[in-house]
Protein chains: 2
Amino acid sequence: MPFTRLEFAVFAVREGTLQVLLARRAEAPHAGRWALPGGVLRVDLDASLDAAAQRVATERLGAPLPLLRQLCAVGGPQRDPRAPWALSVVYRGLVPADAPDFSAGKRIEALAWRSVDEAIAAPLAFDHATLVDKAVRAMRADIDVLDLPFGCLPEAFTLGELQSFCEHVLGHPLDKSSFRRRLSDRDLLVPVEGEFRVGAFRPAQLFRGPRA
Amino acid sequence: MPFTRLEFAVFAVREGTLQVLLARRAEAPHAGRWALPGGVLRVDLDASLDAAAQRVATERLGAPLPLLRQLCAVGGPQRDPRAPWALSVVYRGLVPADAPDFSAGKRIEALAWRSVDEAIAAPLAFDHATLVDKAVRAMRADIDVLDLPFGCLPEAFTLGELQSFCEHVLGHPLDKSSFRRRLSDRDLLVPVEGEFRVGAFRPAQLFRGPRA
DNA sequence: CTGTGTTCGTTGCTAAATGCAACTAAGGAG
DNA sequence: CTCCTTAGTTGCATTTAGCAACGAACACAG
């Protein structure tokens with residue numbers, strides 16, 4: 001089996017835009033350049049690909065990543081000069097804006113959030129710009145069919161918060177009444193009876209995701 | 001890098017149902033049992049995962065497989081007793097019913113088509129029943145959004161043939177007028193002017209897929 | 001106490017997409 | 001010529017999504 005890596009396209013809505021977590025590589029190849037964070041599979045430690053992804057995420061980013069989904073696998077002989085043939089299994093994830101900050105782990109000089117538009121246009125290492133683009137499309141397709149990342153929101157949230165989050169990921173506004181109709185038609189949310197988000201204006205009903 | 005395999009969930013509409021191509025394994029593990037056909041990655045031969053998939057398909061099945069799409073990657077330590085850790089990249093494909101018959105290649109005792117319902121219920125080797133199910137869902141999702149496998153039809157085909165093919169893959173009937181409207185709204189087909197499929201009844205206009 | 005601004009939540013209407021059923025057209029078989 | 005079957009279209013009902021407006025609730029300013 002060739003040299004196998006797990007790589008992560010982790011997104012968050014920060015500063016009003018969709019951002020992706022990038023790592024500046026400490027070692028060759030592409031030392032000093034920005035790339036998706038990742039690490040190598042350890043056959044002595046990992047009980048599955050998904051478990052390997054969690055382990056590497058924890059090691060390199062300082063925190064586990066819930067809601068990881070497999071994006072694709074890519075591989076070839078020129079992928080990484082350290083091995084004659086390298087294979088990467090790429091995962092995508094979405095985390096809350098207020099997540100505990102990640103801390104750069106082994107073989108990473110620095111971690112930074114960058115807006116996806118910049119990241120796709122920037123000369124990321126390897127084919128990582130392509131992977132970011134692919135991951136964004138997959139996330140947006142999920143939201144289009146209301147497969148929503150409830151883990152990225154507070155335990156209880158308002159419909160306004162949910163809609164705003166989706167709009168930031170999608171990159172375009174949604175219709176309020178249509179969004180709410182589609183949610184309630186599918187019984188995707190459970191209202192937390194009697195609980196409201198209070199603030200400067202009219203209080204808003206709080207909801208939880210399904211199977212909560 | 002661990003022991004890496006390419007595996008194939010290849011489908012065809014045969015005998016009025018959606019069938020999947022299975023191979024009876026000649027060697028351990030699971031010798032004698034039915035499984036998805038596949039083979040190992042060769043780092044000395046393969047320039048990419050997709051190229052590896054084509055090479056293995058040709059070797060094991062006696063023919064290349066157009067329209068292969070990556071389904072997922074799975075891996076773990078107990079996946080294959082021949083190695084301490086095994087990784088499989090799974091591809092899905094759809095081939096014409098009249099495709100040249102596949103011939104069992106290395107390490108395969110026999111090849112057979114089996115209906116997907118049976119295959120999913122049958123005790124296939126490894127987790128292959130799960131993979132078949134996942135591949136079927138992915139194919140159906142493609143057709144739902146009119147991402148159609150034109151390579152599975154003759155060079156030129158009638159709308160009736162196309163619809164019937166889709167119905168067999170989906171497992172349920174489609175509405176004729178709606179199907180045709182959706183196709184023409186999206187400019188997915190090009191009529192072959194003046195060409196008709198003649199037969200026992202009214203001749204039918206022939207079409208080609210896009211970018212043809 | 002009263003207006004004003006903002007968000008929340010809902011309603012009514014419009015437009016688009018889809019599903020259903022019927023119809024006509026075209027050919028072969030008898 | 002009639003009947004049968006498939007091809008292709010049409011009209012209409014139903015569903016779905018988008019758009020705009022409305023009243024409700026609350027904080028704040030005056």
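Every value quoted in this text rests on a predicted model; they were computed, and no experiment measured them. Just so it is clear, the values below take in all heavy atoms, side chains as well, and ignore hydrogens, waters and symmetry mates. Within every chain, numbering begins at 1; the chains are lettered A, B, ... in the order of the sequence lines, protein sequences first and strands thereafter.
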Stepwise salt bridge (charged side-chain N to carboxylate O under 4.0 Å, His left out) test for B:Arg137 and B:Asp133: CA-CA 6 Å; B:Arg137 289 175 197 277; B:Asp133 183 61; 3.0 Å; yes
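Donor-acceptor pairing under 3.5 Å is recorded for the side chains of B:Ser88 and B:Glu7.
Using a 4.0 Å heavy-atom distance criterion, B:Arg181 is classed as a base contact.
Taking only side-chain atoms of A:Lys176, from C-beta outward, the nucleotide of C:dC8, C:dG27, D:dG8 with the closest atom is C:dC8. Listed candidates were D:dC26, C:dG9, D:dG11. Nearest to the side chain of B:Ser177 is D:dG11. When the nucleotides C:dT18, D:dC4, D:dG11 are ranked by their closest atom to the side chain of B:Phe201, D:dC4 comes out on top. Distance from the side chain of B:Arg202 is smallest to C:dA25 among D:dA17, C:dA25, D:dA24. Considering only side-chain atoms of A:Arg180, the nucleotide from D:dG18, C:dC8, C:dG19 that sits closest is C:dC8.
If you find the closest nucleotide of DNA chain D to A:Phe179 and to A:Gly199, the one lying nearer the 5' end belongs to A:Phe179. Of the two residues contacting DNA chain C, namely A:Ala200 and A:Gly160, the nearest-nucleotide position lying further toward the 5' end is that of A:Ala200. Both B:Leu159 and A:Asp185 lie near DNA chain D, and the one whose nearest nucleotide falls closer to the 5' end is B:Leu159.
Note: CD (B:Gln205) to C1' (C:dA25) measures 15 Å, nearest angstrom.
Here salt bridge (charged side-chain N to carboxylate O under 4.0 Å, His left out) pairs that include residues 145-159 of chain B, with residues two or more places apart or in two chains, are B:Arg69-B:Asp147, B:Glu155-B:Arg208.
Closest approach of A:Leu94 to A:Ala12, counting heavy atoms only: CD1-N, 4.2 Å.
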